[in-house]
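Chain identifiers are assigned alphabetically (A, B, ...) following the order of the sequence lines, protein sequences preceding nucleic acid strands; residue numbering begins at 1 within each chain.
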Amino acid sequence: MARNPHYTQIWQTVCAIPAGKVASYGQIADLAGLPGRARLVGKSLGVAPKEMNLPWFRVLRSSGQLAFAAGSEQALNQAGLLQEENVVVLRNRVKLAEFQWKPTLDEMLWKLNH
DNA sequence: CTAATGACGTATC
DNA sequence: CGATACGCCATTA
């Protein structure tokens with residue numbers, strides 16, 4: 001992997017997002033113990049090896065918009081993957097009020113125990 | 001070392 | 001809601 005600053009921690013957090021739910025970059029950064037490093041989360045996903053089956057598509061902007069430009073390959077791909085998990089995507093954005101992941105203590109503990 | 005960059009976020013207008 | 005500006009920070013040039 002491209003060195004190892006905090007990428008592993010971020011990947012782990014992303015993996016903890018349950019199917020059918022989404023999280024924002026800032027939220028992931030925060031949960032990973034890296035407040036203010038939302039951009040680093042994006043970079044981490046960019047360099048993440050596909051072999052680990054990372055649910056990168058469950059990560060979007062704080063506004064609910066997909067991280068990619070509407071109409072782009074990646075955006076359409078992401079939207080499709082999300083809808084496979086019952087997540088509604090309209091105009092390249094997701095209704096956070098309904099689908100944003102709210103980590104519970106059990107899930108946090110599971111991640112820590114991992 | 002300095003400058004630019006980016007799958008971001010918040011505040012303004 | 002859209003367009004800008006600025007802040008953040010690891011990484012790259």
Side-chain angles (χ1 to χ4, degrees):
Chain A
M1 50 192 80
R3 323 294 157 66
N4 196 344
H6 308 108
Y7 292 176
T8 308
Q9 184 66 25
I10 293 173
W11 292 336
Q12 224 179 351
T13 305
V14 173
C15 276
I17 305 176
K21 290 290 179 180
V22 298
S24 69
Y25 289 92
Q27 188 180 355
I28 294 301
D30 197 31
L31 289 174
L34 304 166
R37 285 123 195 97
R39 306 191 80 135
L40 191 54
V41 173
K43 221 163 210 181
S44 305
L45 294 182
V47 302
K50 287 185 173 178
E51 292 77 49
M52 68 190 297
N53 236 5
L54 201 66
W56 58 270
F57 51 86
R58 295 185 192 139
V59 184
L60 20 107
R61 294 200 177 205
S62 62
S63 50
Q65 271 222 309
L66 298 196
F68 300 100
S72 66
E73 260 325 294
Q74 293 271 36
L76 293 177
N77 181 32
Q78 181 173 15
L81 288 168
L82 284 174
Q83 299 199 48
E84 276 184 26
E85 301 188 339
N86 304 319
V87 176
V88 181
V89 181
L90 277 186
R91 296 192 200 91
N92 213 68
R93 62 181 1 175
V94 172
K95 188 180 178 185
L96 288 182
E98 276 300 317
F99 300 103
Q100 183 164 45
W101 175 43
K102 297 164 186 175
T104 63
L105 289 181
D106 336 352
E107 291 173 301
M108 293 288 289
L109 291 176
W110 182 87
K111 182 172 80 72
L112 292 176
N113 204 352
H114 187 279

(message) Mind checking if A:Gly46 touches a base, just sugar-phosphate, or nothing, with heavy atoms under 4.0 Å?
(response)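 Here A:Gly46 touches the bases of the nucleic acid.
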(request) Shoot me the first and last contacting nucleotide of DNA chain B against chain A, ordered 5' to 3', at under 4.0 angstrom to non-hydrogen atoms. (result)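 Listed 5' to 3', the contact boundaries are B:dG6 to B:dT10.
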(message) Please encode protein proximity along nucleotides 4-9 of chain C as a string of B, S and -, counting only heavy-atom distances under 4.0 Å.
(response) ---BBS
(message) Does anything in residues 51-63 of chain A come within less than 4.0 Å of DNA chain B? Heavy atoms only, and list the residues if so.
(response)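 Within residues 51-63 of chain A, the residues near DNA chain B are A:Trp56, A:Arg61, A:Ser62.
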(message) Among residues 91-101 of chain A, which ones have heavy-atom contacts with DNA chain B below 4.0 Å?
(response)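 Heavy-atom contacts with DNA chain B come from no residue of residues 91-101 of chain A; none.
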Is the shortest heavy-atom distance from the side chain of [X] to the side chain of [Y] under 4.5 Å?
X       : Y       : value
A:Trp56 : A:Gln74 : yes
A:Ile17 : A:Ile28 : yes
A:Leu81 : A:Arg58 : no

Measure the [atom1]-[atom2] distance between [X] and [Y] for me, rounded to the nearest 0.5 Å.
X       : Y       : atom1 : atom2 : answer
A:Asn92 : A:Arg61 : CG    : CZ    : 10.0 Å
A:Glu51 : A:Asn53 : CD    : CG    : 9.5 Å
A:Met52 : A:Gln12 : CE    : CD    : 8.5 Å
A:Leu40 : A:Ile10 : CG    : CD1   : 4.5 Å

(message) Between A:Gln83 (side chain only) and A:Gly80 (backbone N and O only), is there a donor and an acceptor less than 3.5 Å apart?
(response)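 Not confirmed, A:Gln83 side chain does not pair with A:Gly80 backbone.
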Please tabulate, for the side chains in residues 62-71 of chain A, all donor-acceptor contacts under 3.5 angstrom to protein atoms that are two or more places apart in sequence or on a different chain.
none

Show me the donor-acceptor pairs within less than 3.5 Å that the side chains of residues 20-27 of chain A make with the rest of the protein, sequence neighbours left out.
from	atom 1	to	atom 2	distance (Å)
A:Lys21	NZ	A:Glu98	O	3.3
A:Ser24	OG	A:Gln27	N	3.1
A:Gln27	OE1	A:Ser24	N	3.4
A:Gln27	OE1	A:Gln100	NE2	3.1
A:Gln27	NE2	A:Trp101	O	2.7

(request) Determine whether A:Val59 and A:Leu76 fall in the same hydrophobic cluster, where Ile, Leu, Val, Met, Phe, Trp and Tyr are linked whenever their side-chain heavy atoms lie under 4.5 Å apart. (result)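 Different hydrophobic clusters.
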(message) Can you give me the closest heavy-atom contact between A:Met108 and A:Leu31, atom names plus distance?
(response)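 That would be SD-CD2, 3.9 Å.
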